[in-house]
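In what follows, every chain begins at residue 1, and chains take the letters A, B, ... in the order their sequences are listed.
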Amino acid sequence: MANTNVDYDRNDLPVLLPIYYKKLFPYGPFYRWLNYGGVPKTYFCHREFSFTLKDDVYIRYQSFPDQHDMEKEIQKACPYKIDIGAVFSHKPKDHKMVKGTSFQALEKELVFDIDMTDYDDVRKCCSGADICGNCWPLMTIAIKILDKTLEEDFGFDHRLFVYSGRRGIHCWIADETARKLSQNARTAIAEYLSLVKGGENQIKKITLHDPLHPSIVRALSVVHAHFEDLALDKQDILGCKESWDKVLALVPDEALREQLGKDMTKGENSKQRWALLKGRVKKEVEKGGSRKSQLCIQEIMFQYCYPRLDVNVSKGVNHLLKSPFCIHPKTGRVCVPIDAEHAEKFDPTKVPSISQLCHELDNAMDTPETDEPAAKRRRDYKKTSLHTSVKIFDNFLDKLEKSWKGKLIQQSDMKKEF
Amino acid sequence: MQFVKSSNVRRKRKSARLTGERRLGQYVHNLQFYSVPPSDNISLTEFEDFAIDRLKVLKHVESLGIKFVKGNEKYQESMDRELRKMMPIAIRKTSDEISDTDYDERRKDHISHFILRLAYCRSEELRRWFIAQELDLFRYRFQQESRDSIKQFLEENNLHYEPIPDKEKLKIIKELANSGYNTSVTTVENTDYFKVPFVEALDLVKSRKVYLERGYAYVPRSDLVSIVLSAFRAHLSHSLAITARAVPYLEEDSRLLPMLTALSKQYLGQDYTCKKANGKVTIDQIEPLSKKSFPLCMRQLQESLKQEHHLRHWGRMQYGLFLKGIGVMLEDALRFWRAEFSKKIDPDKFDKSYSYNIRHNYGKEGKRADYTPYSCMKIIMTNPPANGDFHGCPFRHSDAGLLRQRLASYGVSKDGVNEVMGLVSNSHYQLACAKYFDLTHNVEASTIGINHPNQYFDESQKILNPSAESKASMSSSQSSQMSWSHKSTPFSRRSTQASQLTPRNIKEEEVEFDDLQMSYEELDDMMSAVEKDEKATKA
């Protein structure tokens, strides 16, 4: 798991951040995203940003007229964290000058937040903020299911997945229709995507109904592809009595559960036991004995693997979410975009840390071609391992740009007609 | 609208043709979308009668929705019974001939709806309540109508839905069949499907009861009501927002405002704002009280807080506001939470991250609204607990096994546990809670209905501690127990509360975004009745 060469030390952050914001942060693409081609013109300058400074000082309602001003302000403040908020009816900076209720959040990307902490009851390798190669595949599954559902069911084409810097992922949906969604619509989408329900007092958190909804069938096929490797191998969910009891608690039929308990002792490892479990349930169901348990195999698989969204983040138009390309202060890692097509290739432990990037930059600077023009210097990130991440981001932007290019042509056409 | 003192338009005449000032073409259908406000003259008495009658209807609609699972047989039966008495037009099917009685009742339906709009537009909470009940009423009425009548209604209101061609349907027939409960391929073949943008069928999307493809929902005719309801909801909430802005201009008329204000207060008591945190409960009393007088939901939060030294957002909200309601003062509350949290985190971090939240609850931050403790309805219906959460209603949000254990460990007898669990399995969460109250307070089948955790607390104190309690609990239990009958002659017409409705007050009620926590507040406020529906379908 060791990082390539340079270790990150939290105490270095005050020194490293100014360098990062001066030389590495990809302002160009970042602005290109949030400006949305200037459709409408005020879109960028009415956007709220908020900064978290050293010692958790939190400033809301920052806004910038253009890219240049944004760069200047970010470099001046050197925030430990930047959050992106909604597009408001007025410039957020002026919110105190606007009369009472007319200052309103109008639009924002539809966002999702998935946090590994919410999987603590189904992973035994780590807990809380820690992650490792044995539990990260949970996020891979989440990305895949989310990505497909958002595209195929909801027709959203512009989906950006971002590593949150420590233990989870964010997803930004940038389609125009998504940005304009009401709170109710966001809530409904989040609910549609949520299967795992219930708090600490609810052991069985999944209840499926027959027939399975097409979106669930699709999710199931994703889970199927990963279940053996993740749940049986890595998490070893039937590895010992304590853990298989947890699995069996999800079987609603008491007699069947008891029988399964006996079966489990016959297997030698998780894989064998899973096969035994599946076989027994299938037999029971075929006998018609246990209607309640008809879908319990699928329910178990989902309870252990289905994405667990923090729905509160998705619901509000006005909810802030950490911006891509921030640095996570605890890990020093950059919140880099993830290529959803190849989600399983993403390894959070290989994400470059700010220390590593600054080191790479130093090395690159040492090599001859030092006196470049200033304009080129802005693209210093290209000399570091941040490069590949920005590329993923650029791909997302290229596609997105086409959507507003069409809009711009439409608009100018309309003008000519008059 | 003009209001004349003397009046009487309500004479009953049985005739097939319309008489008097009744104009054909104004009320052509039993159902209404209420898009045009009434412009008749109406007397003050009639104004008031109409309003009260409709309010009665809406309150019954609400309580039936709580008592039964919406849409099931018992619900339909009781709706039919109640509406037959109170609003006959709601259960009569639209016929071709319109009689005077039909006309008058439709007119009453129309006018009374608009009067309540005036009364219930003033705050987010009132609006939410009003919309929820009107939607339930509308849904019930819509479902009573025949297919032709629905068609006519949709045409009247410019709602055009075209079924998708069979060819398109056949392509996705399997998906369609698997998207509904009890839908076979044959039923799909014989059903019309409508293709609408998914945002027009959010109720169905939310409960995953519809097939979605590339942003479109394929809604079967049997669920058409969902689309119509969502159009109705959008229309209503938009109109209410506009009405809210217009109400200040009514101020000139001193006869109406007091009446409207009083009307809006009819929306069920269940309100503990009136009771100020009075320091009656000190923090060292909380733990012992939690064992004796807290309802299960709060006892659970107290125990989790002790155990985890932390509660997540909604847990802090539910518990914090409850504590405020039983009389814990702000300073005490801060000390209480800090003491618990700082066993796990730095006290500094507590001051930075959490104390704001608590001060906010007491109306000391942000928009400075004094927040009300959550009622059972709210706890059961909104913000269900997720991983790591301990809030919610234990009767609603616990595994049966765990709940049994917990009840037993609190000394409930085996028979008692069985009784409680019986109620739970029929989705009578509040009755289960009442039963738990009876069992733990050794009272025999008391008539206390539990609808608010703070009311539970007060009732408990009244029993355990009869002398000291009297005053405070009296006032609050009254407000929570108020049934309609207490209120059938509710307001004095000369009441002088008009000043309550100044434009300033209205503004304060509206959502303001001035801090991060606000977004939660707003979220909270806007939680719509959809959740109720969802619950109903799940149960």
Side-chain angles (χ1 to χ4, degrees), chain A residues 50 55-56 58 60 86 88 95 100-101 103-105 117-121 149 151-156 177 181-185 187-189 191-192 194-205 207 209-217 249 308-312 315-320, chain B residues 174-175 177-181 183 197-199 202-203 205-209 211-216 233 300 304 313-314 349 352-353 383-392 394 397-399 401-403 406 507 510-516 518-520 522-523 526-528 530-531 534 538:
Chain A
S50 79
D55 298 325
D56 288 334
Y58 191 57
R60 275 198 71 174
F88 281 82
H95 78 280
T101 55
F103 183 67
Q104 296 275 3
T117 342
D118 289 326
Y119 291 84
D120 276 1
D121 59 329
T149 311
E151 180 186 10
E152 293 177 18
D153 293 0
F154 292 97
F156 295 134
T177 46
L181 288 173
S182 69
Q183 173 140 359
N184 273 335
T187 309
I189 297 173
E191 294 286 327
Y192 182 87
S194 305
L195 266 188
V196 185
K197 291 189 172 163
E200 292 296 304
N201 292 312
Q202 187 94 36
I203 296 168
K204 183 168 183 271
K205 294 192 165 85
T207 308
H209 301 278
D210 186 49
L212 293 177
H213 189 275
S215 77
I216 293 183
V217 173
R308 303 180 171 202
L309 304 180
D310 182 347
V311 289
N312 290 323
K315 284 175 178 174
V317 180
N318 192 24
H319 207 290
L320 294 145
Chain B
K174 213 179 124 222
E175 283 80 5
N178 286 340
S179 296
Y181 301 132
T183 331
F198 79 91
V199 283
L202 290 178
D203 287 14
V205 171
K206 195 169 189 169
S207 47
R208 216 182 291 108
K209 279 203 327 209
Y211 178 62
L212 289 183
E213 193 181 297
R214 291 289 299 165
Y216 286 94
R233 180 203 307 275
Q300 176 175 306
S304 314
H313 178 80
W314 294 114
K349 171 134 179 37
K352 255 183 224 143
S353 317
N383 304 313
N387 247 351
D389 280 334
F390 293 92
H391 70 269
H397 298 117
S398 299
D399 269 335
L402 278 182
L403 185 56
R406 171 156 293 147
K507 219 183 269 164
E510 287 195 26
V511 185
E512 228 181 296
F513 309 92
D514 57 354
D515 46 60
L516 183 63
M518 275 318 298
S519 67
Y520 275 116
E522 177 228 10
L523 208 153
M526 314 260 289
M527 274 296 186
S528 67
V530 181
E531 252 140 15
E534 187 213 21
K538 264 194 220 139

message = Do A:Ile189 and B:Phe198 have side chains that approach each other closer than 4.5 Å (heavy atoms only, starting at C-beta)?
response = yes
key: Close side-chain approach of A:Asp121 and B:Asn387, heavy atoms under 4.5 Å   = yes
remark   = To the nearest 0.5 Å, atom CG of A:Asn312 lies from atom CG of B:Asn383 at 6.5 Å
task = Evaluate whether atom CZ of A:Phe156 has more than 12 neighbouring non-hydrogen atoms of other residues, nucleotides or ligands under 6.0 angstrom away.
result = yes
key: A:Tyr119: ring pair (Phe, Tyr, Trp, His ring centres under 6.0 Å) partners, not counting sequence neighbours   = none
key: Expected output: side-chain A:Glu200 to main-chain B:Gly388 donor-acceptor under 3.5 Å   = yes
Test side chain to side chain contact (heavy atoms under 4.5 Å, CB included) applied to B:Ser398 - qualifying residues, sequence neighbours left out = A:Asn201, B:Pro394, B:Leu403
request  = Pick one of side chain, backbone, both or neither for B:Val199, based on which atoms fall under 4.5 Å of a heavy atom in chain A.
outcome  = side chain
ask   = Just how far is it from atom CD of A:Glu191 to atom CZ of B:Arg208, taken to the nearest 0.5 Å?
value = 9.0 Å
inquiry  = For chain B, which candidate among A:Gln202, A:Arg308, A:Lys205 shows the most heavy-atom pairs at distances under 4.5 Å?
reply    = A:Gln202
task = Would you mind telling me which of A:Ala249, A:Ala185, A:Ser50, A:Pro211 has the largest number of heavy-atom pairs within less than 4.5 Å of chain B?
result = A:Pro211
query = Between B:Arg214 (side chain) and A:Glu151 (backbone), is there a donor-acceptor pair under 3.5 Å?
reply = yes
request  = Decide if atom NZ of B:Lys174 counts as having more than 12 heavy atoms of other residues, nucleotides or ligands within a radius under 6.0 Å.
outcome  = no
key: Residue among A:Asp118, A:Asp56, A:Asp153 with most heavy-atom pairs under 4.5 Å to chain B   = A:Asp153
query = Of the backbone (N, CA, C, O) and the side chain (C-beta and beyond), which part of A:Ser215 lies under 4.5 Å from a heavy atom of chain B, both, or neither?
reply = side chain
remark   = When the 4.5 angstrom heavy-atom criterion is applied to A:Ile203 and chain B, the contacting part is both
task = Can you tell which part of A:Leu195 gets under 4.5 Å to a heavy atom of chain B, answering side chain, backbone, both or neither?
result = both
